[in-house]
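Predicted model only: the values in this text are computed from it and were never measured. Atoms within a ligand are numbered from 1 in the order they appear, just like the ligands themselves.
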Amino acid sequence: MALRDILILPDKRLRLVSEPVKKIDTDVKKLVEDMFETMYDAPGIGLAAIQVGVARRIITMDLSKKDEDKERRVFINPEIVWSSDEKDVHEEGCLSIPEYYEDVERPAQVRVKYLDLHGREHALEASGLLAICLQHEIDHTNGVLFIDHISKLKRDRITKKFSKAAKRAVEG
Ligand code: GNR
Ligand code: NI
C-alpha cells in the first residue's frame, strides 16, 4: 500500500473524463488499495481515481463514523441510471479543493449501477449521504467538481483563490 498525492484545483487533470475499467487486474486492485489509504489519511469519505491522477472510472468510499467499524465501498464504472425530481441541499467539501465548503443542491435519491472488485454488476438505490457522495464522486469521473453546482460568482472567487495560491507556490 502507498499514499498517493491528491490533485488540487486548478490542476487540469481534474477536468478529464475518466475511462471505463475494462479488466479488474492487479494494477486496478493496487490502485484501489492506495486510494483507500490516501482517503483514510486525508481524511475523506470518498475518493475518485482522478483525484490521485488516474483517469479511470473508480471510486472508493467509507461513510462509517469514527466509532464504527470501517465499511469500505468500491464502485467501478459507476453510472447513474435514475435521479429523483426531489432535491436536497447539503454542505459539500472536496479533498481537491481543501478547506472550502458550500451548500450544493442535488437529486435526493439516485439509482446507480456499478461493478464490484470481482467484476460483478450491482444496482443500488441511494438516499442521504450515500446519494450525495455517489453523485460527487461520479461527477469527478466526468471531470465535474462540486463548485460547478454553485453560483458563478462563488465559483469564480474560489477558482481565482486557488489559481493565485498555485502561482505563489511555483514562484516561491
Ligand atoms: O471527504 C469528503 N466529504 C464530502 C462531504 C460532503 C459531500 C461530499 C464529500 S466527498 C469528500 C471527499 C472528496 O473530495 N471526494 O471526491
Ligand atoms: Ni471531491
Side-chain angles (χ1 to χ4, degrees), residues 1-21 28 31-80 83-84 86-112 114 124-151 154-155 157-159 161-163 165-166:
M1 290 231 293
L3 277 178
R4 301 204 188 191
D5 288 333
I6 295 177
L7 306 186
I8 303 296
L9 192 73
D11 196 306
K12 287 189 172 67
R13 288 171 288 176
L14 290 169
R15 293 311 191 170
L16 292 174
V17 176
S18 293
E19 295 288 339
V21 173
V28 168
L31 171 63
V32 167
E33 286 306 303
D34 290 355
M35 284 172 66
F36 274 115
E37 188 177 350
T38 305
M39 184 184 86
Y40 287 129
D41 178 76
I45 58 174
L47 193 71
I50 192 58
Q51 292 182 277
V52 294
V54 179
R56 286 286 154 76
R57 305 183 79 81
I58 301 171
I59 289 165
T60 57
M61 199 182 291
D62 189 337
L63 303 180
S64 64
K65 305 210 178 74
K66 268 180 285 181
D67 55 328
E68 294 172 349
D69 289 344
K70 284 198 172 79
E71 197 184 341
R72 292 163 164 246
R73 300 172 188 263
V74 180
F75 303 91
I76 295 172
N77 299 344
E79 200 186 329
I80 295 172
S83 310
S84 64
E86 185 195 347
K87 305 284 198 275
D88 256 340
V89 176
H90 195 276
E91 187 177 77
E92 297 194 19
C94 182
L95 295 172
S96 297
I97 313 172
E99 290 167 66
Y100 180 69
Y101 306 91
E102 192 54 72
D103 280 352
V104 177
E105 186 184 88
R106 297 183 185 272
Q109 288 100 30
V110 289
R111 191 169 171 80
V112 173
Y114 65 96
L124 171 69
E125 193 154 319
S127 61
L129 188 57
L130 178 58
I132 293 163
C133 203
L134 276 167
Q135 290 175 83
H136 177 115
E137 304 308 343
I138 291 172
D139 269 357
H140 274 303
T141 70
N142 293 319
V144 174
L145 300 171
F146 85 90
I147 53 171
D148 299 338
H149 299 291
I150 66 179
S151 75
K154 285 176 178 166
R155 180 168 59 254
R157 193 188 293 149
I158 195 70
T159 305
K161 188 181 158 184
F162 276 81
S163 296

Which protein heavy atom lies closest to atom 9 (C) of ligand 1, and at what distance to 0.1 Å? G93 O, 3.5 Å
Report yes if H136 has an N/O atom closer than 3.5 Å to an N/O atom of ligand 1; otherwise report no. yes
May I ask whether S96 has any heavy atom positioned less than 4.0 angstrom from an atom of ligand 1? no
Starting from atom 7 (C) of ligand 1, find the nearest protein heavy-atom neighbour and note its residue, name and distance. E92 CG, 3.5 Å
Backbone N or O of Q109 within a donor-acceptor pair of the S84 side chain at under 3.5 Å? yes
What protein heavy atom sits nearest atom 10 (S) of ligand 1, and how far away is it? E137 OE2, 3.6 Å
Which atoms of ligand 1 have any heavy atom of G44 under 4.0 Å away? 1 (O)
Report the C-alpha distance between H136 and E92 in whole Å, list the side-chain angles of each, state the deciding distance to 0.1 Å, and finish with yes or no for side chain to side chain donor-acceptor pair (under 3.5 Å). CA-CA 9 Å; H136 177 115; E92 297 194 19; 2.9 Å; yes
Sub-3.5 Å donor-acceptor pair from the side chain of T60 to the main-chain atoms of V32, do we have one? no
Can you pull out the closest protein heavy atom to atom 14 (O) of ligand 1? Residue, atom name and distance to 0.1 Å, please. L95 N, 2.8 Å
Geometry at the Ni ion (ligand 2) - C94 SG versus H136 NE2 angle, rounded to 10 degrees: 120°
Any idea which atoms of ligand 1 are less than 4.0 Å away from a heavy-atom of C94? 14 (O)
Flag side-chain contact, heavy atom, 4.5 Å: C94 against Q51: yes
Please check if the side chain of D11 supplies one atom and the backbone of R13 the other of a donor-acceptor pair under 3.5 Å. yes
Identity and distance of the protein heavy atom lying nearest atom 2 (C) of ligand 1: I45 CG1, 3.6 Å
Run the numbers for me: atoms of ligand 1, each under 4.0 Å from some heavy atom of H140, listed by number. 16 (O)
Note the single closest protein heavy atom to atom 13 (C) of ligand 1, along with its residue, its atom name and the distance in Å. G46 O, 3.4 Å
Would you check if the side chain of N77 reaches a backbone N or O of Y114 as a donor-acceptor pair within less than 3.5 Å? no
Taking the non-hydrogen atoms of M39, is any one of them nearer than 4.0 angstrom to ligand 1? no
Evaluate the ring planes of Y40 and F36, with Trp represented by its six-membered ring, and classify them as parallel (under 30°), tilted (30 to 60°) or perpendicular (over 60°). parallel
If we only count heavy atoms from C-beta on, is the R106 to D139 side-chain gap below 4.5 Å? yes
Evaluate E91 for polar contact with ligand 1, using N/O atom pairs at a separation under 3.5 Å. no
How close do I50 and L7 get, heavy atom to heavy atom, and via which atoms? O-CD1, 3.2 Å
